[in-house]
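Scroll down for the structure; my scribbles are underneath it.
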Amino acid sequence: MVISTQAVQYPDSDGQPMSDNTRQFRWIVYIKEGLDWLFADNPSVFVAGDLLWYPVEGDNKTRQAPDAMVVFGRPKGDRGSYRQWEEGDVAPQVVFEVLSPGNTVPEMSRKLLFYERFGVEEYYLYDPDRFDLAGFVRRDDRLDPVDAMQGWVSPRLGVRFALADNGDLVLVRPDSLPFESYQAVARRAEAERLQTQMAQQETQMARQEAEQAQQRAQVAEQRAEELTRRLQEMGLEP
């Protein structure tokens, strides 16, 4: 009997789109980029979005691609997929899913069981169409639902969860700064740029006015000296 020695392939893509619509994509980016910002200065926290996670070596069928995931204890860097056995056998501790109209109850149930089975500590779901927010936290070997998500603080992230009056998801960092969309960050950066530009212009105008005042003073001094000289030529002492 011939035994195949061909290595198991772990594809970097499952052929599925990252999102089903622009709203879902916007919220995925909001969460993932906010997490990047939160842990930007910590080299031992890996954050990824829509990255295939393979928890079992030799099994390329058992996998999930959370919309966002956070792995404490793993270095930052690019990866084609997250192969747990190559990452010190560290499973993602926190995962997020943003629902779309195409998600089904059986599908989300399978994801919950997958995350429960393979060691996820915190699992959060947001439905931007129904304005629904849910969370699950590991207790012993189970992911149990969080009773009330309004004001809930993630044990791992230190992030506070809430729903705004209009149903939008609000995530607030431990330093009380809210997660922001790219547009909000860009608008603030542009406002700061314009403010800096105006301050530079004001400084330049003040410098020019000072130079002009100095020039006027020099001219006045020269005229006074010329007047004194003429008076002295006429035999008068000023």
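If you're wondering where the values come from, they're calculated on a predicted model, not measured in any experiment.
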(request) Take Arg63 and Tyr54 through the test side-chain hydrogen bond (donor to acceptor under 3.5 Å, both in side chains) and record every step on the way to the result. (result) CA-CA 5 Å; Arg63 63 192 186 184; Tyr54 294 95; 3.3 Å; yes
(request) Measure from the side-chain N and O atoms of Tyr126 to the backbone N and O of Leu169, and report whether any donor-acceptor pair falls under 3.5 Å. (result) yes
(message) Could you check whether Glu122 pairs with Arg138 (Lys NZ or Arg NE/NH1/NH2 to Asp/Glu carboxylate O, under 4.0 Å)?
(response) no
(request) Look at the side-chain heavy atoms of Ile, Leu, Val, Met, Phe, Trp and Tyr, link any pair under 4.5 Å apart, and say whether Phe25 and Leu51 land in one connected group. (result) no
(request) May I ask you to test the Asp67-Gln24 pair for a side-chain heavy-atom distance under 4.5 Å? (result) yes
(message) If the condition is side-chain hydrogen bond (donor to acceptor under 3.5 Å, both in side chains), which residues does Arg160 pass it with, not counting sequence neighbours?
(response) none
(message) Please determine whether a side-chain nitrogen of the Lys or Arg among Glu97 and Lys111 lies less than 4.0 Å from a carboxylate oxygen of the Asp or Glu.
(response) yes
(request) Output all residues satisfying salt bridge (charged side-chain N to carboxylate O under 4.0 Å, His left out) with Arg130, sequence neighbours left out; order by chain, then residue number. (result) Asp127
(request) Treating Ile, Leu, Val, Met, Phe, Trp and Tyr as nodes and any side-chain heavy-atom pair under 4.5 angstrom as an edge, say whether Leu99 and Phe136 lie in one connected cluster. (result) yes
(request) Determine whether Asp129 and Pro101 make a side-chain contact, defined as any pair of heavy atoms from C-beta on separated by less than 4.5 Å. (result) yes
(request) List in chain and number order the residues that pass side-chain contact (heavy atoms from CB on, under 4.5 Å) with Asp140, two or more places apart in sequence or in another chain; answer none if no residue qualifies. (result) none
(message) Can you list everything that forms a side-chain contact (heavy atoms from CB on, under 4.5 Å) with Arg110? Sequence neighbours excluded, please.
(response) Pro106, Glu107
(request) Measure the OH-CD distance between Tyr115 and Glu121 for me, rounded to the nearest 0.5 Å. (result) 15.0 Å
(message) Let me check something: do Trp152 and Leu125 share a hydrophobic cluster, defined by ILVMFWY side-chain heavy atoms less than 4.5 Å apart, either directly or through other members?
(response) no
(request) Run through the side-chain heavy atoms of Ile, Leu, Val, Met, Phe, Trp and Tyr, join any pair under 4.5 Å, and report what else lands in Met205's cluster. (result) none
(request) Decide, yes or no, whether a salt bridge links Lys61 with Asp59 under the criterion of side-chain N to carboxylate O below 4.0 Å. (result) no
(request) Could you list the residues that satisfy side-chain hydrogen bond (donor to acceptor under 3.5 Å, both in side chains) with Glu226, not counting sequence neighbours? (result) Arg229, Arg230
(message) Run the side-chain hydrogen bond (donor to acceptor under 3.5 Å, both in side chains) test against Tyr123 and tell me which residues pass, sequence neighbours left out.
(response) none
(message) Does Arg156 qualify as a cation-pi partner of Phe72, given the criterion of NZ or CZ under 6.0 Å from the six-membered ring centre and within 45 degrees of its axis?
(response) yes
(message) Looking at every non-hydrogen atom in both residues, tell me the closest pair between Val95 and Met69 and how far apart they are.
(response) CG1-CB, 3.9 Å
(message) For a 4.5 angstrom cut-off between non-hydrogen side-chain atoms, does Leu143 reach Leu112?
(response) yes
(message) How close do Tyr124 and Pro155 get, counting heavy atoms only, and between which atoms?
(response) OH-CD, 4.2 Å
In residues 26-48, what donor-acceptor pairs under 3.5 Å come from side-chain atoms, sequence neighbours left out?
unit_1	atom_1	unit_2	atom_2	d
Tyr30	OH	Leu171	N	3.1
Lys32	NZ	Asp36	OD2	2.5
Asn42	OD1	Ser44	N	3.0

(request) Starting from the C-alpha separation in whole Å, work towards a yes-or-no answer on side chain to side chain contact (heavy atoms under 4.5 Å, CB included) for Thr228 and Glu225. (result) CA-CA 5 Å; Thr228 299; Glu225 291 175 353; 5.6 Å; no
(message) How long is the straight-line distance from CG of Leu163 back to CD of Gln150, given to the nearest 0.5 Å?
(response) 5.5 Å
(request) Look at the aromatic rings of Phe118 and Trp53 and report parallel, tilted or perpendicular, splitting at 30° and 60°. (result) perpendicular
(message) Are Val120 and Val146 connected into the same hydrophobic cluster when the rule is that any two of I, L, V, M, F, W, Y join if their side-chain heavy atoms are below 4.5 Å apart?
(response) no
(message) Let me confirm one number: the OG-CD distance from Ser81 to Glu87, rounded to the nearest 0.5 Å.
(response) 9.0 Å
(message) Using side-chain heavy atoms (C-beta onward) and a distance below 4.5 Å, is Arg223 in contact with Val219?
(response) yes
(request) Any chance you could measure Arg83, atom CZ, to Leu52, atom CG, to the nearest 0.5 Å? (result) 10.0 Å
(request) Take the angle between the ring planes of Phe161 and Phe96 and call it parallel below 30°, perpendicular above 60°, tilted in between. (result) parallel
(message) Going by salt bridge (charged side-chain N to carboxylate O under 4.0 Å, His left out), name the pairs with one or both residues in residues 195-222, residues two or more places apart or in two chains.
(response) none
(request) Please collect all salt bridge (charged side-chain N to carboxylate O under 4.0 Å, His left out) contacts where either partner lies in residues 141-154, sequence neighbours excluded, each pair once. (result) Arg142-Asp144
(message) Nearest 0.5 angstrom please: Glu57 CD to Asp89 CG, how far?
(response) 10.0 Å
(request) Following the transitive rule for hydrophobic clusters with a side-chain heavy-atom cut-off under 4.5 Å over Ile, Leu, Val, Met, Phe, Trp and Tyr, establish whether Val70 and Val137 coincide in one cluster. (result) yes
(message) If the condition is side-chain hydrogen bond (donor to acceptor under 3.5 Å, both in side chains), which residues does Ser100 pass it with, not counting sequence neighbours?
(response) Asp20, Asn103
(request) Applying side-chain contact (heavy atoms from CB on, under 4.5 Å), name anything that partners Val90, two or more places apart in sequence or on another chain. (result) Val71, Arg74, Tyr82, Gln93
(message) To check you understand the geometry: which heavy-atom pair defines the closest contact between Pro128 and Val98, and what is its length?
(response) CD-CG1, 3.9 Å
(request) Work out which heavy atom in Gly158 is nearest to a heavy atom in Pro174; give both atom names and the distance. (result) O-CG, 3.3 Å
(request) Could you grab the distance from atom CG of Leu133 to atom CG of Asp168, nearest 0.5 Å is fine? (result) 12.0 Å
